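Heads up: the structure comes next, in structure tokens.
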Amino acid sequence: MAEARLAELVAALSLGIDLGFGQPMEHVLRQCLISLRLAERLGLDEAERADVYYTALLINVGCHSDAHEQAKWFGDDLASKSIKYDHEPRSLRMVATGLSYLGHGHPPLHRFKLGLEFVVSGHRDVTGMIQSHSQIARMLGEQLRLSDGVLSSLSTAYERWDGRGWPGELKGEQVPLPARISQFAEFVEVANRVRGLDGATKLARQRRGKQFDPQVADALVADPREVLPPPDESSSWREVVESEPGLAVLLDDAQLDEALAAIASFVDLKSPYFLGHARAVADLAAEAGARLGVGEDEVQRLCRAGLVHDWGRLGVSNAILDKPGPLGVGEWERLRLQTYITERMLQQSEALAPLARGALPPQLGRILDAANAYQAMREPRPHREALEPDRAAAELRNSPLDREAVEAVLAAAGHRVARRREGPAGLTPREVEVLRLLARGLSNKEIAQRLSISPKTVGNHADHIYAKIDAQSRAAAAFFAMQQGLLPEEEFPARVAA
């Protein structure tokens, strides 16, 4: 396997983030190039440009983490986020456009009731979601061991020059420069692609000193042709990866596994029904491969393939992923695009391309398919509860999947044991139970029914949990739970020799 660079992993992830905003792939890559060119014109040194580089690639990476809640309010989370660049944030036109998406795709009565709920409490929920995106981005940055400069920039991703950002605690030069540059580059990339050089420079002049840092805007206006890539330019992938300032961040085997696991958990945040899915599939596939006697390198490849196999979920709307009823023909087609999107995200990286489903040797592919199918049955879905182990095993044996792979996966799954009940960060056993259900998106009332306690007691537990783990949103709590091995709720014991 080719030597892995952190830049390749982050760039591959950015391709899925693009689709989550209704933008074409490589929007973020072009945004990164614009950011680097602006940084050079502003005289930043190599270390500062490295901070700009990773900030630009990750600044919006947390925006899918509460897609479940976004779909609740706006129907299609991808469509509702795609309007971000249509009008200035916080403007009356942007507010009006956003409100027009309330309950999108639902009957009029549902939209009316949702509108009333939004007036009472929903607007605060949405504001809280925007603020949490920067917290989530920082959490991933910490998992990837990025610099303090990147982390502080990701933490302030939605602050504005004029102080009217989110949460609105900083303004002007209080906002880290990498964040100011990346915010600006994000919007002018879209303007340049849609309306050309004139549109991009007009945007810079109009929002100079308001949304954007005047100095950064002026750096573009002074020489837009040198800063902005041509809208019809071919792929920016190679240029972005090769433009990483300073020495390339290379990952050894352990660091690569750690980074892939962090990103996998991050992708699984897209829907509460998939929390911990990738790690569980990776463990199950690796164990099954070992039982079938595949080589140690192939076991490692299987594990990594399990971690990346669902990255394309970022490009699928939660209106589909979280739909409680049966999917229509068109919805199934959109869901099937997940595999194609995953392949597109991985294929340009020499290190990641061998992990794509289509690049695996046939035997490894069959094992991964069986592991994925079994794990999916063992997890709750919008239209059903998780299947019990025996029921899932029967369903898997009755499937058209490869018999040898199925039996190896079931042999591995038969050694699974309940996870430990005590929790990290001082969580009590009951708080661990509540955290798992909170992460899945259940309401206090639903959790109370599951655990036979009162909703008030659940609320008290939730307050204690959020305080102990320093989380401010369901998505942050879910990410913590996955990182601490609390989701999914089963684990493998030490590997049993084949």
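Just so you know, these numbers use all the heavy atoms, side chains as well, and skip hydrogens, waters and symmetry mates. Quantities reported herein were computed from a predicted structural model and do not represent experimental measurements.
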For this session: Mind checking salt bridge (charged side-chain N to carboxylate O under 4.0 Å, His left out) for E169 and listing every partner two or more places apart, or none if nothing turns up?
Result: none

Exercise. C303 and A282: which non-hydrogen atoms are nearest, and at how many Å?
Worked result: O-CB, 3.1 Å

Exercise. Can you list every pair that meets salt bridge (Lys or Arg N to Asp or Glu O under 4.0 Å) and has a residue in residues 97-122, with sequence neighbours left out?
Worked result: K72-E117

Problem set entry | Atom of Q31, atom of A185 and distance for their closest heavy-atom approach | O-CB, 3.5 Å

Exercise. For the atom pair CZ (R291) and CD1 (I367), what is the distance rounded to the nearest 0.5 Å?
Worked result: 12.0 Å

Exercise. About how many Å separate CG of L144 and OH of Y54, when rounded to the nearest 0.5 Å?
Worked result: 9.0 Å

Seminar exercise, completed: In terms of heavy-atom contacts, R474 and E69 come closest through NE-OE2, 2.6 Å

Exercise. Are the charged groups of E407 and R403 less than 4.0 angstrom apart, N to O?
Worked result: yes

Exercise. Would one find more than 12 heavy atoms of other residues, nucleotides or ligands at under 6.0 Å from atom CD of E173?
Worked result: no

For this session: Report, as yes or no, whether the 6.0 Å neighbourhood of atom CZ on R93 holds more than 12 heavy atoms from other residues, nucleotides or ligands.
Result: no

For this session: Output yes when K270 and D77 qualify as a salt bridge under the 4.0 Å nitrogen-oxygen rule, no when they do not.
Result: yes

For this session: Decide yes or no on side chain to side chain contact (heavy atoms under 4.5 Å, CB included) for L321 and R313, but give the supporting numbers first.
Result: CA-CA 9 Å; L321 295 175; R313 191 184 303 126; 3.5 Å; yes

Exercise. Taking all atoms of both residues into account, what is the closest heavy-atom pair of M482 and S265, and its distance?
Worked result: CE-O, 2.9 Å

Exercise. Any side-chain heavy atom of E433 within less than 4.5 Å of one from E489?
Worked result: no

For this session: Let me see the working for Q483 and R279 under side chain to side chain donor-acceptor pair (under 3.5 Å), right down to the final yes or no.
Result: CA-CA 10 Å; Q483 292 303 111; R279 286 191 180 211; 3.3 Å; yes

For this session: Scan residues 133-168 for pairs that pass ring-ring contact (aromatic ring centres under 6.0 Å, His included), counting only residues two or more places apart or in two chains.
Result: none

Exercise. How are the rings of H104 and Y101 set to each other: parallel, tilted or perpendicular (split at 30° and 60°)?
Worked result: tilted

For this session: Give a yes or no on whether the backbone of E159 and the side-chain of Q183 come within a donor-acceptor separation of less than 3.5 Å.
Result: yes

Exercise. Does anything in residues 82-91 pair up under salt bridge (Lys or Arg N to Asp or Glu O under 4.0 Å), and if so which pairs, sequence neighbours excluded?
Worked result: K84-E186, E88-R160

Problem set entry | Spacing of CE belonging to M139 relative to OG belonging to S155, to within rounding of 0.5 Å | 11.0 Å

Problem set entry | Exercise: identify the closest heavy-atom pair between D268 and A278 | OD2-N, 2.9 Å

For this session: Using a 4.5 Å cut-off on heavy atoms from C-beta on, say whether the side chain of D369 contacts that of D402.
Result: no

For this session: May I ask you to say whether D257 pairs ionically with R304, meaning some side-chain N is under 4.0 Å from a carboxylate O?
Result: yes

For this session: Sort and list the pairs that fulfil ring-ring contact (aromatic ring centres under 6.0 Å, His included) and have at least one residue in residues 429-486, not counting sequence neighbours.
Result: F266-F479

For this session: For D252, look at atom CG and say whether over 12 heavy atoms of other residues, nucleotides or ligands are found less than 6.0 Å away.
Result: yes

Seminar exercise, completed: The reported gap from CD1 in I263 to CH2 in W311 (rounded to nearest 0.5 angstrom) is 4.5 Å

Exercise. Is atom CZ of R381 surrounded by more than 12 heavy atoms (other residues, nucleotides or ligands) closer than 6.0 Å?
Worked result: yes

Exercise. Can you find a heavy atom in the side chain of V316 that is under 4.5 Å from one in the side chain of R334?
Worked result: no

For this session: Quick one: sort the F21 and Y85 rings into parallel, tilted or perpendicular, breaks at 30° and 60°.
Result: tilted

Problem set entry | Sub-4.5 Å side-chain heavy-atom contact between L451 and V458 | no

Seminar exercise, completed: Nearest heavy-atom contact between L9 and L251 is CD2-CD1, 4.0 Å

Exercise. Do L314 and L19 have side-chain heavy atoms sitting under 4.5 Å apart?
Worked result: no

Exercise. Under 4.5 Å between any side-chain heavy atoms of L58 and V28, yes or no?
Worked result: no

For this session: Measure the shortest side-chain to side-chain distance between L410 and Y374 over non-hydrogen atoms and say whether it is less than 4.5 angstrom.
Result: yes

Exercise. Around Q174, counting heavy atoms of other residues, nucleotides and ligands shown, do more than 12 lie under 6.0 Å from its CD?
Worked result: yes

Exercise. Would Y53 and C32 satisfy side chain to side chain contact (heavy atoms under 4.5 Å, CB included), going step by step from the backbone distance to the final call?
Worked result: CA-CA 6 Å; Y53 181 83; C32 181; 3.6 Å; yes

Exercise. Quick one: do R440 and E385 make a salt bridge, cutoff under 4.0 Å?
Worked result: no

Exercise. Ignoring hydrogens and geometry, is there a side-chain-to-backbone donor-acceptor pair from N372 to L368 under 3.5 Å?
Worked result: no

Exercise. What residues form a salt bridge (charged side-chain N to carboxylate O under 4.0 Å, His left out) with E331, not counting sequence neighbours?
Worked result: K323

For this session: Enter the distance from D463:CG to K468:NZ here, rounded to the nearest 0.5 Å.
Result: 12.0 Å

Problem set entry | Steps toward side chain to side chain contact (heavy atoms under 4.5 Å, CB included) verdict (S132, D66) | CA-CA 9 Å; S132 75; D66 46 29; 3.6 Å; yes

For this session: Please confirm whether the backbone N or O of L346 pairs with a side-chain atom of S349, one donor and one acceptor, at under 3.5 Å?
Result: no

Problem set entry | Residue L92 excluded, over 12 heavy atoms near CG under 6.0 Å | no

Problem set entry | Under 3.5 Å side-chain donor-acceptor pair for Q375 and E379 | yes

Problem set entry | Atom pair OG (S443) and CG (L438), whose distance is rounded to the nearest 0.5 Å | 9.5 Å

Problem set entry | Within-4.5 Å side-chain heavy-atom neighbours: L177 and R180 | yes

For this session: Would you confirm whether T55, through its side chain, and V52, through its main-chain N or O, come within 3.5 Å as a donor-acceptor pair?
Result: no

For this session: Would you check, one step at a time, whether the test side chain to side chain contact (heavy atoms under 4.5 Å, CB included) holds for L487 with R436?
Result: CA-CA 7 Å; L487 285 170; R436 286 171 173 155; 4.1 Å; yes

